[in-house]
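Before any comments, here is the structure.
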Amino acid sequence: MLVTVDDDGRATAVAGDPDHPITAGFLCGKVSNYLDRVYSDERVLHPLVRRGPKRAGAFRQASWDEALDLVAERLGSVIAEHGAEAVLPWSYLGTMGVLQSGIVPYRFFNALGATDLERTICADAGIAGTVSAHGVSPEVDPERWPAARHLLVWGWNPMSTAPHLWRKLLAARRNGARLVVVDPYRSRTARVADEHLRPLPGTDAALALGMMRAIVDAGLQAEDWCRAHVAGYDDLLAVLDAWPVARAAAVSGVPTADLARAGREFAEAQPSLLRLGVGAQRHAGAEVAYRTLACLPALAGSWRHEGGGCSYVPTATAGVLLTEPLKGSEWRPGPVRRINMSRVGAALTDPALDPPVAALVVWSGNPAQVAPDQGRVLAGLRREDLFTVVLEQVMTDTARHADVVLPVTTALEHCDAHFSWGQHYLAWNEPAIAPLGEARPTADAFRALAARMALEPREAFVEDDDAILARLFAGEPGGVSLRALRERGWMKIDLGQAPAPHADGGFGTVDGRFQVRAEWLAEQGKDPCPAYDPPAEIADRALAERLPLCLLTPKTHLFLNSTFADQARQHGAQPEPFLAIHPDDATPRGVANGDRVRVWNDRGEFAVVARVSDDARTGVVVAPMGWWSRDALAGGLHAQATTSQALTRVASAPTFNDNRVEVARA
Ligand SMILES: Nc1nc2c(c(=O)[nH]1)N[C@H]1C(S)=C(S)[C@@H](COP(=O)(O)OP(=O)(O)OC[C@H]3O[C@@H](n4cnc5c(=O)[nH]c(N)nc54)[C@H](O)[C@@H]3O)O[C@H]1N2
Ligand SMILES: Nc1nc2c(c(=O)[nH]1)N[C@H]1C(S)=C(S)[C@@H](COP(=O)(O)OP(=O)(O)OC[C@H]3O[C@@H](n4cnc5c(=O)[nH]c(N)nc54)[C@H](O)[C@@H]3O)O[C@H]1N2
Ligand SMILES: [Mo]
């Protein structure tokens, strides 16, 4: 992003860097008006201290000194009473900057000996599955995607959620590639695809097994390549024996002929690319599902060709900045307990938890909207005996429940280095303007707090951004030097990845071969082979009697999770949450388009406006996420009030889309 700053030091424009090979001069609908955020009336520009009960959300302005003293004193008394594990940090990637989100805040909690947060809310179940099969890999570089001739987009809505990568897919389409989307919902991407397969949620592994069986039935598997580069190839063939196409069709709800044709086309139309999103890994069996899905491009031999193979989160390039050694886990006084971030609702309300969570510190995240089982999360945040500190740019629903809000800078006001979720570049974040009001970079706020609490080792909190970055980049990770990154603003990570990185194997696994079997699971007595590991609630027939509909809560087009939902342009274009419901499900319930409906299950309920159309699949309703409590029709609650805190069977990740509900006219 390029920022124009006037002589008075005010930013006047933001634009995409035209030279950047991915951005190519274009900013997405979320950040193209980033200045509206920087200069928003909603910015928190001074420390705030709560007045009155938590529900009231009333605050008074305080000085940094007063706020820091208060936090230091309250955290100190929590630790004196319950021990440091009574302090729970909660954060995700509100910024992906390694300084603000990662290194410095982590130092603070490690030095305290606080509870360790297990951060798996996003893509982890799928990563566990794909890494088991590929090892750590750069996967298929998006800059190679235009060479692909067949695009299989699975549980991913890039037109909304990755508009820059979408343009690489469009380039492939201009070159003649066919686009097939696998998604129960007609997302924006599905709407413009050549073909749209609509499985029941959580049945993707069954669908993939059927597609692979169709490939083998037609003799289209890449036999020689698989014999050379796939460990456990015979195990895969044995699994497929049990998956006739008709069985896969019955489980997934995708018609037999469509399923079989999609499988054959993926093998025939080379180079073929499977690109996974996060959507299909939000159910109990998700790790197994992504491990099984990864077998499809291997069986088809897609990896032989430039632009062919499997892509998800390119772990080798995303992981090139080794922040772990700089986070100071060795300063912990001993082993600390772990709490999964998707179970924050339980952690804040479980009376048996010992020690209890007596203090919560949130940065770079908004658990009041993004964590499952919203009713429990809010009940926890409303505990008057919970001391909550939130470091934020704006008054989110989480911040409104804080005891102390510390104002932090936006990306225009601080320095950082960013990794990428989906492409191979590192980005430098040069501060363009001075911090607004009394806002401080998140890292500096934690440094100040550590000084107030006299945390050891002192040097860890004296070390400035430049010194930390110098250490992080000392070995020029991925061939990137800090000096070059700073000068240019962005640098491609070079891990020596070839145009077709795994054409001759070279996977990041023990023997360099693609691994059909997950030996790490076999050691735990679990089935190591590709399989259909069913979702929990979706596959529960007894529950389906009472709660017949599956609810999906994907991303919206113009918000970034809950970020930007407060901004006039984005909110104006997406003013209210909705529930997409198929006419076959709406009609028997007397629900017409535009009706207000009530959606509930045993965890909670919310009210929303129905959009009746076949954008939703029969049996599946869809309520995209991200709106704030003030946009809710009742009780400040959204679809998140119904989502489950249950985790995936392997990899301890959330199961947002493994969720049964019932709907009625309100
Ligand atoms: N505009 C916008 N962009 C974003 C974000 C945002 O909130 N808004 N968030 C960012 C983040 S944090 C992430 S992780 C990425 C995620 O980006 P995506 O991976 O695109 O995330 P989702 O929209 O959650 O899910 C994609 C699709 O999966 C479908 N889906 C749900 N359940 C299933 C299933 O069981 N099987 C199959 N096959 N499909 C299913 C949904 O209907 C949805 O259309 O986007 C990033 N970019
Ligand atoms: N139902 C349902 N729930 C979901 C998902 C879903 O698909 N469905 N998706 C999940 C996924 S993939 C993800 S990644 C999570 C996202 O969960 P979060 O990361 O909690 O999501 P955001 O709503 O984007 O909140 C980020 C916050 O960080 C703040 N922030 C930005 N920059 C900075 C900074 O420099 N310092 C500090 N201190 N704060 C900053 C922003 O103002 C914003 O309020 O949500 C998950 N929740
Ligand atoms: Mo995410």
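Numbering of ligands and ligand atoms starts at 1, following listing order.
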Within the structure, does [X] bring an N/O atom to less than 3.5 angstrom of an N/O atom in ligand 2?
{"X": "His414", "answer": "no"}
{"X": "Gln100", "answer": "no"}
{"X": "Trp363", "answer": "no"}

Looking at [Y] and [X], is there a salt bridge between them, counting it only when a charged N and a carboxylate O are closer than 4.0 Å?
{"X": "Asp36", "Y": "Arg569", "value": "no"}
{"X": "Arg191", "Y": "Asp615", "value": "yes"}
{"X": "Arg198", "Y": "Asp258", "value": "no"}

Relative to the heavy atoms of [X], which atoms of ligand 2 are at a distance of less than 4.0 Å?
{"X": "Thr396", "result": "44 (O)"}
{"X": "Val408", "result": "36 (N), 37 (C), 38 (N)"}
{"X": "Glu392", "result": "27 (C), 28 (O), 29 (C), 41 (C), 42 (O), 43 (C), 44 (O)"}
{"X": "Thr442", "result": "34 (C), 35 (O), 36 (N), 37 (C), 38 (N)"}
{"X": "Leu391", "result": "37 (C), 38 (N), 39 (N)"}

message: Once rounded to the nearest 0.5 Å, what's the spacing between atom OG1 of Thr553 and atom CE of Met625?
response: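 Answer rounded to 0.5 Å: 6.5 Å.
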Neighbour list for ligand 1 [protein residues, heavy atom under 4.0 Å]: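 Residue list for ligand 1: Lys30, Cys122, Trp154, Gly155, Trp156, Asn157, Ser160, Thr161, Val182, Asp183, Pro184, Tyr185, Ser187, Pro201, Gly202, Asp204, Gly277, Val278, Gly279, Ala280, Trp421, Leu552, Pro554, Lys555, Thr556, His557, Phe559, Leu560, Asn561, Asn657.
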Indicate every side-chain donor-acceptor pair of residues 203-212 with a distance under 3.5 Å to a residue at least two apart or in another chain.
from   : atom 1 : to     : atom 2 : distance (Å)
Thr203 : OG1    : Leu200 : O      : 2.7
Asp204 : OD1    : Trp154 : NE1    : 2.7

Does any N or O in the side chain of [X] come within less than 3.5 Å of the main-chain N or O of [Y], such that one atom is a donor and the other an acceptor?
{"X": "Glu537", "Y": "Leu543", "value": "no"}
{"X": "Arg43", "Y": "Val394", "value": "no"}
{"X": "Ser272", "Y": "Phe266", "value": "yes"}

task: Classify the contact between Arg37 and ligand 2 as side chain, backbone, both or neither, using a heavy-atom distance cut-off of under 4.0 Å.
output: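 Looking at Arg37 and ligand 2, just side chain atoms fall under 4.0 Å.
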- prompt: Side chain or backbone of Gln640 under 4.0 Å from ligand 2, or both, or neither, by non-hydrogen atoms?
  reply: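 Answer for Gln640: side chain.
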query: salt bridge (Lys or Arg N to Asp or Glu O under 4.0 Å) with Lys30: which residues, sequence neighbours excluded?
result: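 Counting only residues at least two positions away or on another chain, Lys30 forms no salt bridge (Lys or Arg N to Asp or Glu O under 4.0 Å).
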message: So, using salt bridge (Lys or Arg N to Asp or Glu O under 4.0 Å) as the criterion, who are the partners of Asp183 when residues are at least two apart?
response: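 Counting only residues at least two positions away or on another chain, Asp183 forms no salt bridge (Lys or Arg N to Asp or Glu O under 4.0 Å).
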- request: Could you give me the CA-CA distance, side-chain angles and deciding distance for Ile433 and Tyr39, then say whether side chain to side chain contact (heavy atoms under 4.5 Å, CB included) is met?
  value: CA-CA 12 Å; Ile433 57 172; Tyr39 297 111; 3.6 Å; yes
- prompt: Is the closest heavy-atom distance from Gln393 to ligand 2 below 4.0 Å?
  reply: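 Checking ligand 2 against Gln393, which is what was asked, there is a heavy-atom contact under 4.0 Å.
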task: Check if Trp90 has a non-hydrogen atom at a distance under 4.0 Å from any atom of ligand 2.
output: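 Checking ligand 2 against Trp90, which is what was asked, there is a heavy-atom contact under 4.0 Å.
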query: Just wondering, are more than 12 heavy atoms of other shown residues or ligands nearer than 6.0 Å to CZ in Arg400?
result: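 It does not: Arg400 CZ has 12 such atoms or fewer within range.
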